[in-house]
Structures are given as structure tokens and as C-alpha cells.
Amino acid sequence: MLPILLRGQERPLTKIKYNREGDLLFSASKDKLANVWYSHNGERIGTFDGHNGTIWDLDVDYHSKRLLTASGDGCCFLWEVMTGKNLFKWDMVVPVLSVAWAMGDQQALIVTDSRMGRKSSIHIVKIAEDSTQQTADAELIIAIPDDMSKVTIATWGDLNAFIVAGHENGTISIWDPVTGALIESVTNHTGRVQDLQMSKDKTFFVTASKDNTAHIYDSATRKHLKTFKTDRPVNSASPSPIRNHLVIGGGQDAMGVTTTSARQGKFEARIFHLVFEEEIARIKGHFGPINTLAFHPEGRGFASGGEDGYIRLHHFDPSYFKFKYDGESLRNTDGR
Amino acid sequence: MPMDEATQQSKGFMFIEFATSEMAHLAVRAANGYRMDKSHILVASHFDEIGKYKDVPDKFEPPADKPFVVKDHMKAWLTDPHARDQWAIIKGDEVSIWVNNKSQRPDLLHSRPRWTDFYVQWSPLGTYLTTFHPQGVAIWGGPGMNMMGRFLHHDVKYIDYSPNEKYACTWSWNPFRTPDGQEHHIIVWDILANRQLRTFAAPQAEEGKANPWPIFKWSHDDKYLARVSEDKGGVIQIYETPHMGLLDKKSIPVANVRCVEWSPSENMIAYWAPGYGSAPTGVTLMRIPDRQIIRTKNLHQVLDITLHWQDQGDFLLAKVIRNKTKKSQQSSLELFRCKEKNIPNETIEFPVNVVLTNVAWEPNGGSRFVVLTQPEAMTIVTHFYQMENIEEQKAKSSKHVAKSATSNADMSNICWSPRGRFCLIAATKAFTGTIEFWDTEDDLLLTTEAHDMHTDLAWDPTGRYVVSGVSYWRVQNDNGFTLWTFSGEVLVRQQNVPQFKQLAWRPRPKSLLSDAEKARIRKHLKDYTKEFEEYDLAISSKADREVVERRLALLAEWREYRARTLESYNKNKPQRISLLGIDPDVEAKKAVLQVEEVEEILEDTEEIYES
């Protein structure tokens, strides 16, 4: 099916996310605005206006009531999704790189950059049910030790048992969200971790890195399971919730793009077979690198946001669901 | 000389001390071997060599016979039962040799880190692999790719083998000093004996220009090598192997001679020399060794000529650029039929100011050639010509058969299949990387493909496959290669090989079959193809099976992993429900589309209808 082109942001997209049901799509951009869209037709519902810098990350709570945004202006905002009202503001002074709701929406994590003498840290804050009671104090601050490179992205594990973080040098680290202790760290990537997405049931997670690869790790054992190789930096990777597929996007660095044509930049979204690590399909369209990708929570399609300022909303044709790869039986015997 | 007082005769020796070692060297060279009279010869040697002479035993002992060592089978690679071809590849620091398996994975034969310091080159018949090092070149061969020789030449950059691999000529940008103080760049070697034959000085290229190579041209039978020199107003120097003396001890004086090319099939040279004053420019064919001029063609107002031999020496093509007026130039092609009586010549004229960008003969004794012309900026026209039998067509014997225009000014490379007939016209070293696959027998453009930014094109020696590559030496991203069939079908696409630098096919020697035998095979081709098709099928079904088996194993492993993780996932279900307030798995299944119908009455008016 032809993708729906969403032109609501004036600058490169930094993050797009579906809500749990998949009817809404949230997008963040370097133009300081966050938007919310209907995912089935691409109609824009509203804009979250208030940041004074690039919004690097956003996360919506389980019931699509509240939205967290992380911005380069040093602030993290809590919004009411329904009205677009700003409920609370954390002033972190240094740029905020990542934000994520914990399961149950009682807590959230905020990742801050290492600037102005401050260490890269993960702040764990309690989110009050009633936002008028909200305080700015953090429950726990995990300061990243000097011998580790800075955190670029972080998210919660199943049952909030751990926090997984991606680092500038490619390290993946696991932290205890209660004590703040480092549980484990593995370095398989050789480039900056650009994206880190949990599978729907949070049993494994996917990392995307500047080193042209995406990896899959098991959540419980942190064992490296799969590697997906491409020939360009990978900015985002998202697993399908229903099939053994993974969508990967990236492309030539924004810096090198002016000197290459779209064909050579390799700005396609690629679908890989999750188990065989083989490329199945490429979806062309963006004329800049893909910065962020999200699979629809019901696996009906995916959305991609590019450096070119467009969101492309893809809905799969019926043939996608019948498509069978050699050696793969269609029965969903893995229970997903 | 000091005298012996007892005998009143000279002692027969003396010591001389010099101020510098250079003076001593010169004196030794000048005095050693000097004949004083019929029976007296002067011997001079360095003082530090005395120790060497002292240890010479007085009695002659014949040297022991060296035990016979079995040499490697130098043509072992040709004994592959399926006649598969090999290639050498440089990836990063590693050189490896692979056997081509078409679309299947190639087999690795040898792989050595830092095998070469620069690039690799096969000898023309494929016997040796040449590696380049700061100290010189090394050649490798045989089934184990063992070192077959080392030629010490500091900072060597190029090697040029003689056609039959007997000799080779190397060039270094860094000259070495000969005993008599001259700076030499070139060394000629005997390959089997591993011995230096002679060294030469070479003229340095002008600033910013590439050094011309090869400087020496080998004759087809390795017997002579020729070069042009500016000495005495222009001479052709022909040296005879193996003693490397000038042929008949004198060079051939040709005023201003610019270049010399050997016929690939007989000992005949073609050269051209620009005219001066009223003398015309001439393209000349001369037989060697008797120096008889067979044919000369005079031309006027010539700016430049390049000479192209067809690879069997049947035809010679001279690309001529002439001044038409002060501002315009005209190009033409002069064709010589060298195997016919009196060597008839004909001319193909091109319109004024049409630039001929490239010309190439069909290899393997073909009678076709391709010309690329650029009539205007951004347009390249490809012309196909065919040489026809002179009896059939008296008036004109070269026929213009086809022409195709593209608006792609990057198309610069003509790459003929080594077996002829198929030809690639490509935008090599250009942005677009377009490749046109032509069948010249039917003048048919088979397909137009592209390999972005490709820097190299190389046919395998059988003309069935061609490789396009993006070398790290020229472009620093997307390095890799694509293996195509002659008709433009992709067999292997390896476009992400980090630091891929070079891919060189191993050449094959000429076929030992006679033309009659080849014709017989062609006639019974069907019987042979059956055998090969069966083999291909067996290989591909085996590969398919392997792929499917590998996938099934991966899938089984993944399912086992999923079952394990889902078990622990389900174990934690109560916790999850208490955290989220709902069961996410149940809720997802329950989600149904609810259609809500809302009716809103905007206006309600009543009108009475009057009948």
C-alpha cells in the first residue's frame, strides 16, 4: 500500500512512537515540537508546544494519558495527551537525551548528557498520579562512572527489574533501578548506540548502532543472540510484534549526504528476517537518513521518520501476512 | 712498483692509497684487466678483498653435484576438473586466492596477511603471482603458491612481463646508482634464472604527469625489446635477449620518433614520428631484424597519433588527431591490413571537432572494433565497426555496423570479453557507474546495469563472467564487487567488503586445441553441455539444501529459545497484572472495533405540501 506522508515537522525527526493500542502516533523533531497523529489516516490531532530545543526522545504512558518529552534545552516535560497541557517540567540544566516510563507508570527514567562538568546520568523519578503533587526530586540518580562512555538511550526491563542503557562507544549496560548498581555491561557494538527497543513482551531487545549493525540481546541473560549487518550506519531498529521480522533504518550520515545521491545514501528501510538474519525487503522513499522507526503494536505496518522531515506511515498489504520465507512455516508456533 | 733488490725485478704488486673511496673504486675499474702487453695483464682490487683471495685453496676441488629437487607443478591450477578460474583479492592487508563457483560461495585456496605491500599482478599466462614490496618484487606459483623468485629493486612500482614469461622488466621511481655513477630506474630480469640481465636509465616524467609504462615493449616471442629514445634527435633502440645487446649493435635512427608498438604475432614494429619543416608525419611498419620498411603512410598537420594493434596482428589502427583550422581539430582512423599484400590502408574520417575518447579492438582475433566519440559535451556515441573481406567489398572494407548514443558523458571505458563478441561500455571511475552489456554479433544492447562508483572492470579469462569493483584505493565507502555473467545477470553481489582493494583474475595460457578441434567441439556442443548442466544442477541443489537446512536449524533454535523465555514470562504474569492493572495479553485479544453511531439533528422544519 502507498505510504502516508506526514509533513508536520519542519526539521529532522528524532523519534516516533506508537501508543499501546497503535491508534496514535507520537513524533518528536528538531523543530522543538512534538506531534500526535491518528495512525490509520495520518491526520494530525495536536502539537505539544513548549520546548526550546530539539526534542530527542518521548514516551507515552500505558493508557495514553500522559506524555514525557526529553529535550536539548535541558528540560523534561510531562504533558496531558488529551489537551496538550504542560503538567510538569523538570529542569535538568544539561540536555536530556532519553526518557522512558516504567511499567505501571509510577516511575520514569530521564537520561542527561555529560555537559558542563556534569556526569552522564540516569535519573529515576517518581511520577505522581495527580500531577499537582509532582515534585522535581529524583528518587535515584545513577551517575555513569568516568571509565564508561556516556549513555545515549535507556529503557526499562520487564517488571522494572532492570534498566538497560546504550552508550556512546557501543556498550550495553544493565543497571539495578533500586540500588543504582551496575549489574552487567557488554560491548559488542563498535559505534554509538542509536536506538534500543524492547520486544512487545520485553523478553529480548534490539539495539541499533552507528557501526552499521543491529543486534538482538536476550533480556534475562543479556546474551547476544543475533546480528544484522547493513552497509550504512543504523539509526533505528524495531521488531515486529507478530512475525519474525525486524525493520531497520539508517543511511549515510547527515554530514555526508550533500555529496551523495539518495541512491548511494541507502536511505531505504530494510526488513530483515529476525531468525535467519537475512534481508527480505527494502522500502524506498526517504531522501535523507531514517532517524527513527516504530513497528505498529499489532504488526500491521510501521512508521519511519527521516532526516528529511517526513514521517512515512506504512500499512502492509494483505500479501505481507501471507508471505512465507523459504524454510519458514507460517504457523506462529513460537506463541507470539 | 717496489723492486726486489736481490733479483732486480719488480715485486709484481703495489699498494696505492687514495683520498676517497670513490677514487679507489674508479681506479680499480680503470686499472683492473688492463693489458700492458701480450702476456702481462694488470689486476687491481680493493685492499679489503685481500682476505678473500688469501683463503682461496691452492688445489681445485670440483663442487659437489646438487641433489635433484622436484619442482612444483607450475600449471597445477589448470588441472581443476571443472576448469574453474581463480582470482586474487586484496582486502585490507590480506591477500587471498579464491576459486570462482559462479553464484555459489567461492572456495578459498590461499590467504596470507601482508602478502604484498602494494598491489598484486598475475603474469600474462597466469603462472606467477607478483607481489610488490619496498625491497623488490617476489613471484609465487605452483600448487602451494611458494616463492619462485625474488627480484631486488628498491621501491619498485611496476613490472612488465614478456609475453611468454621468460623475462620481466621492473621500474622504480627511486633510481639506484650503477657502479659508474649513473642513475638507473629500470631492470630487466631473467625469471627462471632469477638473474638481473641489464639495467637502464629512464627519462623522468614531467612534473604532475604519470610515468609512461611500459617503457620497453616486448616482441611476441620474447626475443626483442624495443623503446624509443630522444638520443641523437630520436632513435628506436631494439635489444636482443638474453644478452641484452643492441640489435646489430646500433639503434634505428628515426627523427622525433614518438612511440613504437610490436605486432602481437610477428617481429614487426609500428612507429610514428611527427614531421618537421616540410617533412610529413609518417606511420611506418618495419620488419625486424632486417630493418626493412614495409609500409609508410604520410599524413599532414598531425597533432597526435596513437597506435592500436588487433591482438593477432591482422590489423593496425592509428587514431590520428589533425589540425583542421587554427581552432578546430579533426580526428580520423587509419586502418592497415597487415596480413594482406602491400598492406592496404583506408581512412575513416570523423566530423570536425568530434573527439574520439576511446578505441578498442575485439580480442581473440576478432575483426570488430569499438569507437567512442564525443560530438558535444554530455553526449557519448558508441560506434561499432566490422572489418570485412576485401574481396567482398572492394571500395570500402570497414563497415560501420551500429551506433548508439547516450547522454552520459561518463561512458569512457570499453571492456571487451577476452573471447570477443561481448563488450561492455561503462562509466568506470564515474559517479553513475553505468554498465552497458553489448552483444556485437547481433549489435544488440543486452542490458544496461549499474554498479555505483565502480572503479574497475575485469573479465575472467574465459569471457563468461565479469567483475565490477569499487576499490578502497579510489573510493573509501561501499567497497566491494559484483560478479556478473556476460549478459549482465548478477551472480554475486558483495558490496560491503571493508577495505576491498583489488580483484585480479588469474589469466590462462592459450588453448592447446587446434582450430579444427575447436570446431569439432562446437559442432558437438550439445553432448558436452549436458554433462555440465547436470553438474551445475547437482551443485545448486546441494547449496539450496544446505541453506534450507541451516534455516531450519536456526528456526528450531529460535523456537526453543522463545518457548523458554515465554515460560518465565508467563510465570511472572501475576506481577505484571498487579503492576499494569490489566493483563496485556488478554486485553490485546479482546480489543474489538466498536462502531458508534451518532445521529445529530441539525434542523427540523415542517412544510406543508399543497396539492
Side-chain angles (χ1 to χ4, degrees), chain A residues 20-23 40 61-63 102-107 156 158-161 199-204 212 216 218-221 223 225-226 229-232 241-242 244 252-253 256 259-261 263-266 273-278 297-298 325-329 331-336, chain B residues 431-433 450-454 470 475-480 493-498 500 544-582 584-585 587-593:
Chain A
R20 173 171 54 99
E21 292 88 352
D23 59 336
H40 69 284
D61 74 357
Y62 198 71
H63 300 285
M103 273 172 93
D105 301 338
Q106 305 283 316
Q107 285 175 305
W156 296 83
D158 193 22
L159 303 172
N160 302 333
S199 70
K200 199 182 180 187
D201 54 17
K202 300 203 176 197
T203 54
F204 64 87
N212 300 5
I216 287 184
D218 178 38
S219 294
T221 62
K223 203 180 127 204
L225 296 176
K226 301 279 175 193
K229 282 186 198 147
T230 73
D231 44 12
R232 285 291 184 278
I242 54 160
N244 283 327
Q252 189 94 328
D253 268 344
T259 56
T260 44
S261 68
R263 195 157 54 121
Q264 279 155 354
K266 310 242 167 107
H273 197 283
L274 199 100
V275 181
F276 307 146
E277 304 172 335
E278 286 171 40
E298 285 169 16
Y325 205 55
D326 277 352
E328 179 195 48
S329 80
R331 280 178 301 122
N332 233 342
T333 48
D334 58 4
R336 278 206 276 158
Chain B
F431 206 70
T432 56
H451 183 176
D452 292 356
M453 309 280 287
H454 78 264
V470 181
V475 184
Q476 275 72 48
N477 57 14
D478 284 329
N479 302 123
R493 219 190 264 277
Q494 290 260 5
Q495 294 199 346
N496 189 17
V497 186
F500 166 81
D544 284 351
R545 214 163 49 236
E546 274 168 13
V547 166
V548 168
E549 268 165 22
R550 194 183 74 88
R551 283 181 184 164
L552 285 178
L554 280 173
L555 207 57
E557 192 188 323
W558 181 256
R559 281 177 181 157
E560 190 263 331
Y561 161 74
R562 290 294 300 165
R564 213 170 56 227
T565 53
L566 279 172
E567 197 182 315
S568 65
Y569 174 80
N570 287 331
K571 215 162 61 192
N572 292 330
K573 190 167 257 192
Q575 273 173 283
R576 193 170 295 112
I577 293 171
S578 78
L579 206 53
L580 298 173
I582 45 168
D585 304 316
E587 213 237 4
K589 275 171 198 157
K590 242 174 30 190
V592 280
L593 187 69

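Chain letters run A, B, ... following the sequence lines, proteins first, then strands; residues in each count from 1.
Proximity to chain B is absent for every atom of A:Thr221, based on heavy atoms less than 4.5 angstrom apart. Neither the backbone nor the side chain of A:Asp105 comes within contact range of chain B; no heavy atom of the residue lies under 4.5 Å from a heavy atom of that chain.
Interface summary for chain A: among B:Leu580, B:Val547, B:Thr565, the most heavy-atom pairs under 4.5 angstrom belong to B:Leu580. In terms of heavy-atom pairs under 4.5 angstrom with chain B, the leader among A:Leu225, A:Val275, A:Asp218 is A:Val275.
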* Any chance you could lay out the salt bridge (charged side-chain N to carboxylate O under 4.0 Å, His left out) test for A:Arg232 and B:Asp478, step after step, and finish with the verdict? => CA-CA 9 Å; A:Arg232 285 291 184 278; B:Asp478 284 329; 2.7 Å; yes
* Asked: Between B:Leu579 and A:Gln106, is a side chain to side chain contact (heavy atoms under 4.5 Å, CB included) present by the stated rule, with each step listed?
  -> CA-CA 9 Å; B:Leu579 206 53; A:Gln106 305 283 316; 5.8 Å; no
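Between A:Lys226 and B:Leu554 there is a side-chain heavy-atom pair separated by less than 4.5 Å. Counting heavy atoms from C-beta outward, B:Arg562 and A:Thr203 have side chains that approach closer than 4.5 Å.
One finds the CZ atom of B:Arg551 at 4.0 Å from the CD atom of A:Glu278 (value rounded to the nearest 0.5 Å). Once rounded to the nearest 0.5 Å, the distance linking CG of A:Asn160 with CD of B:Gln575 reads 10.5 Å.
Within the 3.5 Å criterion, the main-chain N or O of B:Tyr569 finds no donor-acceptor partner in the side chain of A:Asp158.
Taking a 6.0 Å sphere around NZ of A:Lys229, one finds it holds 12 or fewer heavy atoms contributed by other residues, nucleotides or ligands. Counting heavy atoms of neighbouring residues, nucleotides and ligands inside a 6.0 Å radius, atom CD of B:Gln476 exceeds 12 of them.
A:Asp201 has no carboxylate O lying under 4.0 Å from a charged side-chain N of B:Arg576, or vice versa, which leaves the two without a salt bridge.
Ring geometry, A:Phe204 versus B:Trp558: the interplanar angle exceeds 60°, so the pair is classed perpendicular (tilted spans 30 to 60°).
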